[in-house]
Novice: 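Here it is, the structure in full.
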Amino acid sequence: MKRFIGFSAIAVALTSLIVQTMSQTHDHPRPPIAKRIPKKTTIHGDVLVDDYFWLREKTNPEVIAYLEAENAYTEAMMKPTEALQEALYKEMLARIKQTDLSVPYRDGNYYYYSRTEEGKQYPILCRKKGSLSAPEEIMLDLNELAKGHKYLGLGAATVSNDGNLLAYSTDTTGYRQYKLQVKDLRTGELLPDQVERVTSVAWANDNKTLFYVTEDAVTKRPNKFFRHRLGQKEGELLYEEKDEQYDLSAARSRSRSYVFLVSSSKTTSEVRYVSTDQPQQAPKLLLPRREGHEYYVDHHSDLFYIRTNDKGKNFRLVTAPVKDPQEKNWQEVLPHRQDVMLEDIECFANFYIAIERENGLPRMRVTEIGNGQAHYIEFPEPVYSAFQSNNPEFNTDTFRFNYQSFVTPSSVYDYHMKTRQRELLKQQEVLGGYDPKLYQSERIYATAADGTKIPISLVYKKELKRDGTRPLWLYGYGSYGFPQSVTFNSNRLSLLDRGVIYAIAHIRGGGELGREWYEQGKLMRKKNTFTDFIACAEHLIKEKYTAKDRLVITGGSAGGLLMGAVTNLRPDLFKAVIAYVPFVDVVNTMLDASLPLTTQEYLEWGNPNEKAAYDYIKSYSPYDNIAAKAYPAMLVRISLNDSQVPYWEGAKYVAKLRATKTDSNLLLLKTNMGAGHGGASGRYDALRDTAFDYAFILSQLGIMK
């Protein structure tokens, strides 16, 4: 970020070059208008004209000037909400236990945990040897590492088997470019071993050898797998993935016997493995890739446990002997099921746990390996989320998981697999007297145009009178097969207590209802994602949960694409929109193979170098379908150092929308000049951003207190 220090003065001087200076009154400042420099691209006989392509020039002071001018305009237009922002910030902060401790977990001879201190932005990573009454050892104080930086992201943090060395990686720009370092926890000193652009890390059992993956400097594709013996000047390249549609990731099994290297595209995978007891050996290929076949591996004793989609889209579970894991030796353990998605497998010494999803809800199936007896962990609410938590120990009969819902705060449990008893270790404290009985959650269904039932999860403060007067916040994503979880957020109480209903539309393209649900919302069926969301909005209005002038919508990244697409299709349906780091310039981005992620994304969106895909993508790409009509009020948030959705997508979108739309509704662009795709990294900074967003939405709804 140092290259941009001092640009503020330049920005003021250059504003006249890029912004048409307009007269303004004290009450109504005029927005900046970006200059137009048409860039023409001809493809498939079609001519694309991009007036704002120049905003990609990140090192151009004029670009920074424009972004800063937009930030100044946003600040001016949001000035009447400053009191509301401060009130929201204070009440959200008051619910948080600022000095707090995570639930310690055991790994070898140590108990590991993190803690936070009031007034400090970042957690402190700690451990105690032998027992929780032992003296505390601070492994990493992220607040110290963050000094001098606007941003700090922690990537890997993994300790060697003997507990002496910590391999960790950090990003100080938000660009998700991580530097690997090794710290001697006995002395506190950093070893000279350092590696740039590391995406995943795993230790061998000799406490001297690291395996890691690095990314390509241009495309940010994780593509090289190295072995590095501490003290070596450079790592030894073991494998390079040359297919541009594939990424690499490495992880050690819970058994600590193998490091698995997974090479995967959006539709295909293959796995290599290295013995952690013999790290000098070359990686072995378990099964060669076969287009459309995905498989993922865990280890137990003399068997590999393999989750595979060879017999169905929702995956089945098989075992294979480590000595000869060819397909001919596979033995089925769990069959493919049409209505159950097998999402993951967790292997322990005496049990394995199948992480499943059925009817949009997570399930955990516990199976005793010795006798095959199986049961499900029961969950009490009709709409909830459950996730596996920290479980590094292999020889244990205890499984730790997190449970939460819209009304139940995040809760950490130890589940005793033999006795089937659960033990609540900690539930997130919500200060100020939170009473879950005051709130209600439910799941309803909208009907899409093709008759498909689309789940909607809702939460609101009791009592609900469905007369269309309640404001409603509808969130959506619907891409990559990622299910949208129903989780607790104490910040959300500031909305619910002001009468706002919060809802999630579980639209196609996500993973809530299995692989087919995902495939019905990708590639040449992507428009189902948008029409599903509109169907959910219409259903909520029809059933009088809300009304058009009380309905606000939000989504980020691919969910920002959703926001842009649905506001182009039905701008009359929404009162206000927040689009976070939105992927809205789909055609131009997917035509530029030099950008991070583009080639891997062909299997999600299509390759526009093929005419059919080009025509389809162009028909919904938000940037390309902006029209001269009225749009709802909108806040677009972007980050200058975003490596996944470049800042210019949202900037170009706002510039074109501002020049084209016919209404006078508020349109704001807010750029975080020192962060990446996830926004602010500090917890207080992130809370300030939430207060800002809430104030924008509430003010649009006429709620100023």
Side-chain angles (χ1 to χ4, degrees), residues 74 78-98 100 116 118 121 383 385 404-410 427-442 457-465 469-476 484-504 540 545-546 550-556 574-580 633-635 637 666 668 670 678-680 682-705:
T74 295
M78 287 293 288
K79 193 169 185 61
T81 72
E82 284 181 350
L84 177 59
Q85 289 180 52
E86 188 63 23
L88 287 163
Y89 176 79
K90 287 181 177 178
E91 68 184 56
M92 290 188 292
L93 184 62
R95 297 191 193 101
I96 298 171
K97 188 176 182 181
Q98 296 182 61
D100 203 359
T116 54
E118 184 171 351
Q121 294 269 23
V383 182
S385 287
Q404 56 187 295
S405 72
F406 273 151
V407 297
T408 301
S410 176
Q427 186 172 88
Q428 174 190 346
E429 293 185 58
V430 183
L431 305 183
Y434 169 67
D435 183 358
K437 299 187 189 67
L438 298 177
Y439 306 90
Q440 177 72 42
S441 68
E442 62 175 305
S457 298
L458 304 100
V459 62
Y460 44 82
K461 191 168 186 179
K462 300 175 181 176
E463 297 290 331
L464 175 65
K465 183 179 180 182
T469 61
R470 281 277 196 111
L472 190 144
W473 182 313
L474 180 62
Y475 170 81
Q484 297 308 296
S485 300
V486 175
T487 56
F488 183 83
N489 188 332
S490 65
N491 296 337
R492 193 185 297 134
L493 299 175
S494 291
L495 299 173
L496 304 184
D497 290 347
R498 287 172 171 83
V500 178
I501 301 170
Y502 181 80
I504 298 175
L540 291 164
Y545 285 93
T546 190
R550 312 290 288 163
L551 176 59
V552 298
I553 60 173
T554 62
F574 316 112
K575 173 65 177 177
V577 182
I578 300 181
Y580 298 96
M634 188 175 295
L635 167 63
R637 276 189 167 274
L666 197 59
L668 302 178
K670 187 171 178 62
R683 58 175 178 158
Y684 295 109
D685 293 340
L687 200 61
R688 287 284 183 191
D689 285 348
T690 299
F692 183 94
D693 298 344
Y694 282 11
F696 171 79
I697 289 298
L698 291 172
S699 64
Q700 290 299 311
L701 294 168
I703 303 171
M704 294 299 291
K705 293 184 179 179

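FYI, side chains are in, hydrogens and waters are out, and symmetry mates aren't considered; it's all heavy atoms of this structure.
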Novice: If you measure from CD on E463 to CG on L438, what distance do you get to the nearest 0.5 Å?
Specialist: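 Answer for the CD-CG pair, E463 versus L438, is 10.0 Å.
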Novice: Going by the rule side-chain contact (heavy atoms from CB on, under 4.5 Å), which residues pair with V430 if we only count those two or more places apart in sequence or in a different chain?
Specialist: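 For V430 the side-chain contact (heavy atoms from CB on, under 4.5 Å) partners, ignoring immediate neighbours, are R95, P409, Q428, Y434, F488, S490, L493.
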Novice: List the atom pairs, donor and acceptor, that lie under 3.5 Å between side-chain atoms in residues 696-705 and the rest of the protein, sequence neighbours left out.
Specialist:
unit_1: S699; atom_1: OG; unit_2: A695; atom_2: O; d: 2.9
unit_1: S699; atom_1: OG; unit_2: F696; atom_2: O; d: 2.8

Novice: Restricting to side-chain hydrogen bond (donor to acceptor under 3.5 Å, both in side chains), what partner residues turn up for T554, sequence neighbours left out?
Specialist: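 W473.
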Novice: With the side chain counted from C-beta on, respond yes when L93 and Y684 share a heavy-atom pair under 4.5 Å apart, and no when they do not.
Specialist: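 With C-beta onward as the side chain, the pair touches.
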Novice: Can you see which heavy atom on A686 is nearest to which on A680, and at what distance?
Specialist: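 Nearest pair, atom of A686 first, then A680: N-CB, 3.9 Å.
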Novice: For S441 and V459, indicate whether the former's side chain and the latter's backbone hold a donor-acceptor pair under 3.5 Å.
Specialist: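 Flag not set: sc S441 to bb V459 has no pair under 3.5 Å.
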Novice: Whether the side chain of K462 engages the backbone of K437 through a donor-acceptor N/O pair (distance < 3.5 Å, no angle test) should be reported.
Specialist: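 Indeed, once roles are kept as given, a pair shorter than 3.5 Å links the two residues.
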Novice: Is there a donor-acceptor pair under 3.5 Å between the side chain of S410 and the backbone N or O of Q404?
Specialist: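 Here the side-chain-to-backbone pair does not exist.
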Novice: Would the distance check show the side chain of S405 and the main-chain N or O of T408 forming a donor-acceptor pair, the cut-off being under 3.5 Å?
Specialist: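 Looks like yes, one N/O pair under 3.5 Å.
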Novice: For the NZ atom of K670 and the CD1 atom of I578, what is their distance to the nearest 0.5 Å?
Specialist: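 CD1 of I578 is found 12.0 Å from NZ of K670.
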Novice: Side chains of L464 and Q440, heavy atoms from C-beta outward: is any pair under 4.5 Å?
Specialist: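 Answer no - side chains too far apart.
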Novice: What's the shortest heavy-atom distance between L496 and V500, and which atoms?
Specialist: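 Answer, listing the atom of L496 first, then V500: CD2-O, 3.2 Å.
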Novice: Cationic tip of R470 within the cone over Y545's six-membered ring, i.e. under 6.0 Å and within 45° of the normal?
Specialist: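 No, R470 and Y545 do not form such a contact.
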Novice: Is there a side-chain contact between R637 and D693 in this structure, where contact means two heavy atoms from C-beta onward sitting under 4.5 Å apart?
Specialist: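 A side-chain contact exists here, since the closest heavy-atom pair is under 4.5 Å.
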Novice: What's the shortest heavy-atom distance between S494 and M92, and which atoms?
Specialist: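 Closest pair (atom of S494, atom of M92, distance): OG-CG, 3.5 Å.
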Novice: Just so I know, are the side chains of F406 and I504 near enough to count as touching, which here means a heavy-atom distance under 4.5 Å?
Specialist: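 They are in contact (side-chain heavy atoms under 4.5 Å apart), so the answer is yes.
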Novice: Under a 4.5 Å cut-off applied to non-hydrogen side-chain atoms, are L687 and I96 in contact?
Specialist: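 The answer is yes; the side chains approach within 4.5 Å.
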Novice: Locate the shortest heavy-atom distance separating L431 from A94; write the atom from each residue and the value.
Specialist: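 Residues L431 and A94, closest heavy atoms: CB-O, 3.3 Å.
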Novice: What is the minimum heavy-atom distance between R683 and Q98, and which atoms define it?
Specialist: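 Shortest heavy-atom separation between R683 and Q98 comes out as NH2-O, 3.0 Å.
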Novice: So Y694 and N491, do their side chains get closer than 4.5 Å, heavy atoms only?
Specialist: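 N491 reaches Y694 side chain to side chain.
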Novice: For a 4.5 angstrom cut-off between non-hydrogen side-chain atoms, does E91 reach D497?
Specialist: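 Heavy-atom side-chain distance check fails, nothing below 4.5 Å.
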Novice: List for me each residue that meets salt bridge (charged side-chain N to carboxylate O under 4.0 Å, His left out) alongside E442, sequence neighbours excluded, and say none if there are none.
Specialist: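 So E442 forms no salt bridge (charged side-chain N to carboxylate O under 4.0 Å, His left out) with any residue.
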Novice: Return the minimal non-hydrogen interatomic distance between Q85 and M78, and the atom names on each side.
Specialist: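 That would be NE2-O, 3.7 Å.
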Novice: Do the non-hydrogen side-chain atoms of L474 and T546 ever get within less than 4.5 Å of each other?
Specialist: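 They are not in contact (no side-chain heavy atoms under 4.5 Å apart), so the answer is no.
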Novice: Quick one: ring-ring contact (aromatic ring centres under 6.0 Å, His included) partners of Y580, sequence neighbours excluded?
Specialist: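 With sequence neighbours excluded, Y580 shows a ring-ring contact (aromatic ring centres under 6.0 Å, His included) to no residue whatsoever.
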Novice: Going by an N to O cut-off under 4.0 Å, is there a salt bridge joining R688 and E86?
Specialist: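 Here R688 pairs with E86 in a salt bridge, since their nearest N and O are under 4.0 Å apart.
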Novice: What salt bridge (charged side-chain N to carboxylate O under 4.0 Å, His left out) pairs are there with at least one residue in residues 486-496, not counting sequence neighbours?
Specialist: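 Sorted pair list comes back empty.
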